[in-house]
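Note sheet for the following structure.
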2 protein chains.
Amino acid sequence: MKAMPTQKIPSPGKTASIGSARQLIEPTAQALKSAKTRSRLIDATIRCLVKFSYADTTTPKVAEEAGLSRGAMLHHFENGRQLMQATLVELHRKRLRAFRRAAGTLDHDARTLLHAYWDQLLRPNFIAFQELANASRTDKELAAVLEPVRREFDERWHELAIELFPEWADDLAAFKIALALTQNTLEGMALNRVTHGIDEETISLVLDHLEKVILDLRPDRRS
Amino acid sequence: MKAMPTQKIPSPGKTASIGSARQLIEPTAQALKSAKTRSRLIDATIRCLVKFSYADTTTPKVAEEAGLSRGAMLHHFENGRQLMQATLVELHRKRLRAFRRAAGTLDHDARTLLHAYWDQLLRPNFIAFQELANASRTDKELAAVLEPVRREFDERWHELAIELFPEWADDLAAFKIALALTQNTLEGMALNRVTHGIDEETISLVLDHLEKVILDLRPDRRS
DNA sequence: GCAAAAGCAGACACATCTGCTTTTTTCGTA
DNA sequence: TACGAAAAAAGCAGATGTGTCTGCTTTTGC
């Protein structure tokens with residue numbers, strides 16, 4: 001996605017862009033189609049991010065991928081930037097949803113949770129998310145969207161872990177380490193896996209050992 | 001850097017592009033200036049990668065950053081692509097050099113080595129390298145350059161670690177785990193630090209605990 | 001049913017990037 | 001000192017991306 005002029009003024013009269021207050025004010029039928037089209041565009045954007053990377057994702061490509069005209073797309077987002085921002089938010093929602101869904105069927109042991117997290121990182125959604133996170137390093141507007149999203153994700157992830165393993169609440173310091181270690185290691189491994197392939201064996205070794213490390217950190221197992 | 005046509009045929013008569021056989025065949029004086037200009041261009045590219053990201057690094061920007069004309073740049077590299085590839089190789093060399101340099105003055109304990117690695121990841125060079133590594137996911141030509149580079153880096157890193165801690169040679173399995181764990185965790189943390197800031201406290205906690213984990217993995221400390 | 005509004009498509013103008021070609025400058029060497 | 005090759009600058013045409021604008025179709029609310 002090429003350099004675009006800095007965001008336009010929100011222009012209050014227009015179609016509500018990111019927030020979807022419309023559906024509440026006007027819960028009528030046609031708005032449903034609109035939402036569906038937006039979804040199609042966002043999903044197309046995600047696919048493009050995976051296929052072409054952020055650098056080479058362009059509005060024509062997204063439109064083509066979505067099977068829509070570029071005009072249609074700019075009707076819904078009016079900006080390449082806004083499309084990206086909306087996509088980032090949507091990716092966040094998807095990740096969160098996936099976690100919630102997994103949480104229900106999860107055994108309450110570290111191994112399961114670890115592998116659940118890892119599985120998430122293998123999904124294309126993670127690649128797309130990573131592309132945007134990386135882009136946000138130099139795109140302040142994207143960063144402004146990413147920041148709260150990331151914060152919420154960490155909170156939810158924190159909550160889920162505590163919910164599954166209440167004993168951790170006894171030692172929040174150790175818990176913090178365990179979380180940080182898990183997150184950074186797994187995400188680092190996921191990224192390295194994408195660029196320079198890692199053999200499955202190494203992945204297993206790391207996962208297994210990480211599990212051991214976490215178990216050692218658990219309050220009831222410590223001296 | 002925008003989509004460019006797939007690589008041109010090497011055209012043997014031209015100025016030797018990546019390999020610098022020129023300096024050997026023609027070790028004369030003026031070639032030194034040429035090499036210097038190449039360096040200037042590559043360094044400018046690195047700075048651009050950091051400032052603008054790969055997506056928004058363009059040949060005009062690089063030329064301006066280098067204080068040269070675009071024509072001059074295409075005289076030396078004839079291709080935006082080749083410039084990026086050369087930059088990737090150069091970044092690799094720089095990383096390797098930094099490691100070798102550090103290796104000399106290093107105490108032989110895990111903590112020092114860990115922090116040495118971490119310090120490398122805080123340098124702008126790592127960001128630039130990461131930008132290219134990420135780009136190589138969808139750019140096969142870049143990937144073709146990255147692959148051997150990465151392999152060599154891993155080997156050197158492996159060698160260095162063994163050299164500093166010969167006792168690891170006794171248990172290569174544990175060694176492999178320790179290396180993978182260290183690399184993935186630190187790199188993951190470095191990347192997360194760039195996009196969404198991590199507080200220094202957490203970083204310290206992770207580093208300290210990682211050190212402990214590695215010590216536990218050491219052959220002479222195990223049961 | 002009809003006017004207003006939204007969904008959608010295509011065309012337009014502007015900007016910019018890319019690679020190529022041509023010209024000027026620099027500088028070593030005969 | 002003058003020649004010639006390499007370095008550097010400048011100019012050019014093609015391609016592509018971006019945002020805006022206009023027009024057509026469909027839905028919605030009165």
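First the proteins, then the strands, lettered A, B, ... as listed; each starts at 1.
- Counting to the nearest Å, the P atom of C:dC8 and the CD atom of A:E78 are 16 Å from each other.
- The nucleotide whose nearest atom lies closest to any side-chain atom of A:P60 is, among D:dA9, D:dT18, D:dA7, D:dT18.
- Between B:H158 and B:F175, the gap from one ring centroid to the other is short of 6.0 Å.
- Spacing between atom CD of A:Q82 and atom P of D:dT18 amounts to 15 Å, rounded to whole angstrom units.
- A close approach under 4.0 Å does occur between a side-chain nitrogen or oxygen of B:N79 and OP1 or OP2 of C:dG19.
- Among the atoms of the strands shown, base atoms are found under 4.0 Å from some heavy atom of B:G71.
- Judged by distance alone, the side chain of B:T185 and the main-chain N or O of B:T182 form no donor-acceptor pair under 3.5 Å.
- Taking 3.5 Å as the limit, the base of D:dG17 and the side chain of A:R70 contain no donor-acceptor pair of atoms between them.
- The side-chain contact (heavy atoms from CB on, under 4.5 Å) test with B:L91 singles out one residue from B:I42, B:V149, B:L132, and that residue is B:L132.
- Under the 3.5 Å distance criterion, the side-chain polar atoms of B:E65 are left unmatched by any main-chain donor or acceptor of B:A44.
- Distance from the side chain of B:T37 is smallest to D:dA8 among D:dT18, D:dA7, D:dA8.
- Nearest nucleotide to the side chain of B:H75, out of C:dG7, D:dA9, D:dA7: D:dA7.
- Taking atom CG of B:L68 as the reference point, atom P of D:dA6 lies 19 Å away to the nearest angstrom.
- If you measure from atom CE of A:M73 to atom P of C:dA6, you get 20 Å, rounded to the nearest angstrom.
- Listed nucleotides: C:dG7, D:dA8, D:dT20. Nearest to the side chain of A:L74: D:dT20.
- Separating the CG atom of A:L83 from the P atom of D:dT18 is a distance of 10 Å, rounded to the nearest angstrom.
- In this structure, the CG atom of B:D56 is 12 Å from the C1' atom of C:dT16, given to the nearest Å.
- Rounded to whole Å, atom P of C:dC20 lies 17 Å from atom NE2 of B:H76.
- The listed nucleotides are C:dG19, D:dG17, D:dA7; the one nearest the side chain of A:T58 is D:dG17.
- With rounding to whole Å, B:R40 atom CZ is found 11 Å from D:dA7 atom C1'.
- The side chain of A:S34 contributes an N or O atom lying less than 4.0 Å from OP1 or OP2 of C:dG7.
- The shortest side-chain heavy-atom distance between A:Q130 and A:L49 does not fall under the 4.5 Å cut-off.
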